[in-house]
Structure formats: structure tokens, C-alpha cells
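Step one of this worksheet: look at the structure below.
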Amino acid sequence: MVGIVLFLHALGALTVGFYLLLPFMASRLAGLNPQAQVGFARVLFGLNRIGQWLLIAQFLTGGYLISQYDKSVPWMVVVIVLFLGIGAMSGMIAGPLKRIIANGGEGKAAESKDASKLSTFSGIAALLLLALLIMKYFDLI
């Protein structure tokens, strides 16, 4: 059973890697025309929604794996806090994307405020995910 869950957790880690690429994709959004921004924002919104569901699967499989292996309490606390931070950022990413989609239908370009928030939140999510991967790979703490 542990092997199957470990495989699912590793597969989920690959798919959640979307958040490592999101800052680069978000930076392309501002240079597009308004109609292309709407389409690109819809794609990013859909991928973010899938990423949020995968984060739930990662949380469940990771919780099972933590129960099977002997990890220190500080390690568990840091990993859970980083994970919750990624979840929070993924939720905050949805707001600017929704506004870009809603405003783009009127032929207006994305406001710099929304594009800036999207870049900031996606950058923070990428850094948190990178820190989480380093914590897990090197088994720090």
C-alpha cells in the first residue's frame, strides 16, 4: 500500500510543479492583446483549479506517508506550513485571473494591478513549492 501511495504522491508532485512554471506564464500575460489575455487567463485559471484539487490529493497522500515514516515534529510543522502557504497562494491567484477574464470581455487589457498581483502570488507560490521540495528531498530538520 505504501508503494502505491508513494507513487501517487510522486506523480502528484510532478503535476503540482505547474506552480513552478506559473510565474513565467503569468509574465507573458501582460504582453498579449485583450482577447488573447482572456483566453490565456482562462487556461491559467483552469490549470490553477486542477492544481488546487491536486494539492488536496498531495495533502492526503503526504499525510499518509508521514504516518508511515518516522519524521521529526519540526519537519512536519515546516512542511505543513509551507504546504498551506502554497494552497493559500493558489486561492489568491484565482482572484486576479477572474478579474482579467471578466474585464477582458469588454475589450480592455488587464489592469496592471491584477497582472502585478498575479505575478506576485505566483512567484510566492513557486518559492514556497521550491522550499517544500528542498525540505522533502534533503530531509532537513
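What you see below is based on every heavy atom in this structure, not just the backbone, and it leaves out hydrogens, waters and symmetry mates. Residues take their numbers from the sequence shown, with the count starting at 1.
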I'd like to know if [Y] and [X] are part of one continuous hydrophobic network [Ile/Leu/Val/Met/Phe/Trp/Tyr, side-chain heavy atoms within less than 4.5 Å].
| X | Y | result |
| --- | --- | --- |
| Leu60 | Trp53 | yes |
| Leu133 | Phe24 | no |
| Ile66 | Val73 | yes |

I'd like a table of donor-acceptor pairs (distance under 3.5 Å, sequence neighbours excluded) in which one partner is a side-chain atom from residues 77-87, with atom names and distances.
none

Please list every donor-acceptor pair under 3.5 Å in which a side-chain atom of residues 119-128 meets a protein atom from a residue at least two apart or in another chain.
{"residue": "Ser119", "atom": "OG", "partner": "Ala115", "partner atom": "O", "Å": "3.1"}
{"residue": "Thr120", "atom": "OG1", "partner": "Ser116", "partner atom": "O", "Å": "2.9"}
{"residue": "Ser122", "atom": "OG", "partner": "Leu118", "partner atom": "O", "Å": "2.8"}
{"residue": "Ser122", "atom": "OG", "partner": "Ser119", "partner atom": "O", "Å": "3.1"}

| message | Could you check whether atom CD1 of Ile4 has more than 12 heavy atoms from other residues, nucleotides or ligands sitting under 6.0 Å from it? | response |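 Not buried by this count: 12 neighbours or fewer within 6.0 Å.
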
| field | side chain to side chain donor-acceptor pair (under 3.5 Å): pairs with one or both residues in residues 130-141, sequence neighbours excluded | value |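 Those involving residues 130-141 are His9-Lys136, Lys71-Asp139.
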
Hey, could you give me the [atom1]/[atom2] distance between [X] and [Y], rounded to the nearest 0.5 Å?
| X | Y | atom1 | atom2 | value |
| --- | --- | --- | --- | --- |
| Leu97 | Leu29 | CG | CG | 7.5 Å |
| Arg42 | Ile101 | CZ | CD1 | 6.0 Å |
| Leu20 | Leu129 | CG | CG | 4.5 Å |
| Leu44 | Ile100 | CG | CD1 | 8.5 Å |
| Leu55 | Phe18 | CG | CZ | 10.5 Å |
| Phe45 | Lys98 | CZ | NZ | 5.0 Å |

| request: Determine the minimum heavy-atom distance between Leu32 and Gln37, stating which atoms define it. | output: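 Between these two residues, the closest heavy atoms are O-NE2, 3.2 Å.
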
| message | Taking side-chain contact (heavy atoms from CB on, under 4.5 Å) as the definition, give me every residue that meets it alongside Leu21, ordered by chain and number, with sequence neighbours left out. | response |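 Result, side-chain contact (heavy atoms from CB on, under 4.5 Å) vs Leu21: Met25.
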
| With Ile50, which residues qualify under side-chain contact (heavy atoms from CB on, under 4.5 Å), at least two apart? |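 With sequence neighbours excluded, Ile50 shows a side-chain contact (heavy atoms from CB on, under 4.5 Å) to Leu54, given in chain and number order.
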
| Hydrophobic cluster of Leu6, others only, ordered by chain and residue number, side-chain cut-off 4.5 Å |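 Its cluster mates, by chain and number, are Met1, Val2, Val5, Tyr64, Leu65, Tyr69.
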
| message | Using the rule side-chain contact (heavy atoms from CB on, under 4.5 Å), only one of Val16, Thr15, Leu11 pairs with Gln58; which is it? | response |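 Going through Val16, Thr15, Leu11 one by one, the side-chain contact (heavy atoms from CB on, under 4.5 Å) with Gln58 is satisfied by Val16 alone.
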
